[in-house]
Each structure stands twice: as structure tokens, then as C-alpha cells.
Amino acid sequence: MADQFAWFAQHLPIPGRIARHFKRRDSIWGICWFDPRAREAVSRARYCAWLLEEGGLPVRTITTSRQREVLWRDAHQIVTKPSADLPKAFP
């Protein structure tokens with residue numbers, strides 16, 4: 001699994017923007033997604049999820065096809081504004 005984490009550390013940059021801040025209201029913190037076209041990153045994340053499940057930790061994949069307000073994106077990932085209709089990873 002260390003090989004997988006090393007790949008992510010080398011190829012997956014830290015998002016440049018994960019929040020939007022306002023003077024008169026609370027900040028909006030984004031949700032990070034893999035871009036569906038980033039096939040290698042998605043494949044490696046699925047493999048890591050499988051390893052975690054094999055170790056006894058529950059893993060849940062959350063997907064969405066609905067357009068979301070994008071706060072930031074690169075070739076591998078997208079940071080979007082959260083919305084109430086998304087399922088929660090940690091209820």
C-alpha cells in the first residue's frame with residue numbers, strides 16, 4: 001500500500017483551493033472528487049479501497065453525475081461546493 005501512497009504523493013497535487021471565504025457569512029469548504037478522466041488515479045484509489053476493505057475497514061464509494069459548482073480543478077481532481085443532496089461518507 002505504501003507504493004500506492006507514494007504514487008499519489010508524486011502525481012496528485014494538493015488542491016490550490018479547497019474553500020471559498022466571505023466577509024459576511026461562513027466559509028464554504030469544498031468536497032474533493034476524482035475527475036472521471038483521471039483513470040489511473042481512480043484505479044489506484046479503488047485498489048487502496050479494496051486493500052482497506054480486506055483489512056476490515058468499511059469503504060464506501062460516492063459518485064455523482066449532477067453538475068456542481070467547481071471551486072478548483074486540475075487534471076486529476078475537482079473540488080466542488082457541497083450540497084444537501086449528496087450522500088454522506090460519514091453520517
Side-chain angles (χ1 to χ4, degrees):
M1 188 126 148
D3 291 345
Q4 300 303 316
F5 287 126
W7 185 90
F8 283 110
Q10 182 178 1
H11 294 93
L12 198 66
I14 295 171
R17 182 177 185 181
I18 58 169
R20 187 172 285 161
H21 304 286
F22 304 94
K23 289 181 181 180
R24 295 193 175 138
R25 63 179 187 170
D26 291 337
S27 297
I28 297 171
W29 292 93
I31 299 172
C32 299
W33 304 87
F34 284 111
D35 187 308
R37 296 169 292 188
R39 297 196 184 277
E40 184 169 6
V42 171
S43 175
R44 287 176 178 272
R46 286 186 176 140
Y47 178 68
C48 288
W50 176 80
L51 289 173
L52 291 169
E53 283 183 317
E54 287 294 306
L57 294 173
V59 175
R60 181 173 173 203
T61 300
I62 298 174
T63 62
T64 184
S65 59
R66 186 170 159 229
Q67 287 284 56
R68 309 251 172 224
E69 181 180 338
V70 174
L71 302 175
W72 183 88
R73 82 178 315 142
D74 68 11
H76 304 287
Q77 53 200 334
I78 304 166
V79 180
T80 63
K81 182 179 172 182
S83 61
D85 68 318
L86 281 173
K88 304 292 184 235
F90 306 101

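- Summarising the local packing, CD of Gln67 is surrounded by 12 or fewer heavy atoms from other residues, nucleotides or ligands at distances under 6.0 Å.
- Note on residues 23-45: pairs passing ring-ring contact (aromatic ring centres under 6.0 Å, His included), not counting sequence neighbours, are His21-Trp29.
- Gln77 contributes no side-chain N or O that, together with a main-chain N or O of Ala38, makes up a donor-acceptor pair within less than 3.5 Å.
- A search for side-chain hydrogen bond (donor to acceptor under 3.5 Å, both in side chains) contacts involving Gln4 returns Arg44, not counting sequence neighbours.
- The side-chain hydrogen bond (donor to acceptor under 3.5 Å, both in side chains) test applied to Asp85 returns Arg66, Arg68, Ser83, not counting sequence neighbours.
- Taken from CD in Glu53 to CZ in Arg46, the straight-line distance is 12.0 Å, to the nearest 0.5 Å.
- Residues forming a side chain to side chain contact (heavy atoms under 4.5 Å, CB included) with Ile78 (at least two apart in sequence, or on another chain): Asp35, Val70, Arg73, Thr80.
- Every salt bridge (Lys or Arg N to Asp or Glu O under 4.0 Å) that Glu69 has, sequence neighbours left out, goes to Arg20, Lys81.
- In this structure, Phe8 places its CZ atom where more than 12 heavy-atom neighbours from other residues, nucleotides or ligands lie under 6.0 Å away.
- Criterion: ILVMFWY side-chain heavy atoms under 4.5 Å apart, direct or through other members. Under it, Tyr47 and Val59 are part of a common hydrophobic cluster.
- By the criterion of side-chain heavy atoms lying less than 4.5 angstrom apart, applied directly or through intervening Ile, Leu, Val, Met, Phe, Trp or Tyr residues, Val79 is not grouped with Ile14; the two fall into different hydrophobic clusters.
- Cluster membership check: Phe5 shares its hydrophobic cluster with Leu52, using side-chain heavy-atom separations under 4.5 Å among Ile, Leu, Val, Met, Phe, Trp and Tyr.
- Residues Ile28 make up the rest of the hydrophobic cluster containing Phe22, defined by ILVMFWY side-chain heavy atoms closer than 4.5 Å, directly or through other members.
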